[in-house]
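Since the structure comes first, as structure tokens, the remarks are kept for the end.
For ligands, and for the atoms within them, numbers begin at 1 and follow the listed sequence. Every heavy atom of this structure was used, including side-chain atoms; hydrogens, water molecules and symmetry mates were not. The chain is numbered in sequence order, starting from 1.
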Amino acid sequence: MKDRIEQILGEIEGLKCATAAEIEEARVRLLGKKGEITALFDEFRSVAPEQKREFGQKLNQLKTAAAAKIEALKAQATALADKAASGNLDLSRPGDDYPLGSRHPVSIVREEIVEIFRKFGYDVAEGPEIEDDYHVFTALNFPPEHPAREMQDTFFVTDNQKENPILLRTHTSCVQVRCMETMPLPIRVICPGRVFRNEAISARAHCIFHQVEGLYIDEHVTFADMKQAILLFAREMFGPETQIRMRPSYFPFTEPSAEVDVSCNICHGKGCNVCKGTGWLEILGCGMVDPNVLEASGIDSTKYSGFAFGMGIERIAMLKWQVKDLRHYFENDLRFLSEFESNI
Ligand code: PHE
């Protein structure tokens, strides 16, 4: 038995296997159920008791040596295979695709709105997102006790008890104020931008959203001019069949004021779940600029008149693509964003 152990030990030392299959074959031959070393363990049972200690140790050494050799051979084989693979660069294989990004739906709609008004001859103006109370409220004829000035709507940057606090703009009408202060008349301008309101985030409201507001000031501007501009815009945006209707409304900076609905472009007025069975979708607020607002910015309200309007970009995007939950626009989930394609 001793000789046999020595013999196998020698064999193990000289063992050479090139492939995984050969290694497995050697493992089965030595250590498998019917393997040579396993057979020696069977034989060991009949060894005389006084020799058991010596042979036991030898057998265990043999088993360990065999297992170690097999492991070493396996490691060698994998290393060789890796090396071979890295030398196998196939330069004729087609490359990996780089996914093409898409524009954010809010940007797509903003550009569409801006393009429509650019065709009507409007300039585009932008202003600061961090504004003062004067440009966001006071110059727009908000009375001091107006609820929009309170903490529940406005994010204040400085103490709102002090005079003219700094805040995050709640609408882009403040950009229009800056236009009235600086631009020569007549003024025809639209102001796209991000606005902030202290609202709980839900499917229908968010503390950040985007607006496009417009302003037109000249001599003899009338409500009929406003109605026509909005009708043309609605038809460009939602299709040539689109109808509009106006409902009386209230804004501190316009008088009279109106809320504009467009005929539902999904059911064409028949009533569906997007327009909640009414056939109409609310898209913007508008009105004739209040003379107080003109005067606050140094415009002679006896000579000039104007109209203003404002709409939420996300709201129009929701109608356009029938997205039910506003939060999608802010979470930047690529599965959502990649749904949108545009040629703008
Ligand atoms: N500024 C208003 C808003 O944020 C929208 C508006 C603009 C309404 C101009 C009338 C005229 O809701």
Hey, can you pull the donor-acceptor pairs under 3.5 Å for the side chains in residues 15-37, sequence neighbours left out?
from, atom 1, to, atom 2, distance (Å)
Thr19, OG1, Glu22, N, 3.1
Glu22, OE1, Ala18, N, 2.9
Glu24, OE1, Arg27, NE, 3.2
Glu24, OE2, Arg27, NH2, 2.9
Arg29, NH1, Glu11, OE1, 3.3
Glu36, OE1, Arg4, NH2, 3.3

Within 6.0 angstrom of Lys52 NZ, more than 12 heavy atoms from elsewhere: yes
The ring pair (Phe, Tyr, Trp, His ring centres under 6.0 Å) partners of His104 (sequence neighbours excluded) come to none
Treating Asn164 as the side-chain partner and Tyr134 as the backbone partner, does any N or O pair qualify as donor plus acceptor under 3.5 Å? yes
Contact set, ligand 1, heavy-atom distance under 4.0 Å, ordered by chain/number, equals His171, Ser173, Arg197, Gln211, Glu213, Phe251, Phe253, Thr254, Gly285, Cys286, Ala308, Phe309, Gly310
Sequence neighbours excluded, the answer for ring pair (Phe, Tyr, Trp, His ring centres under 6.0 Å) partners of Phe238 is none
- Message: Quick test of your reading of the model: are Glu112 and Lys320 salt-bridged, counting only N-O distances below 4.0 Å?
- Response: yes
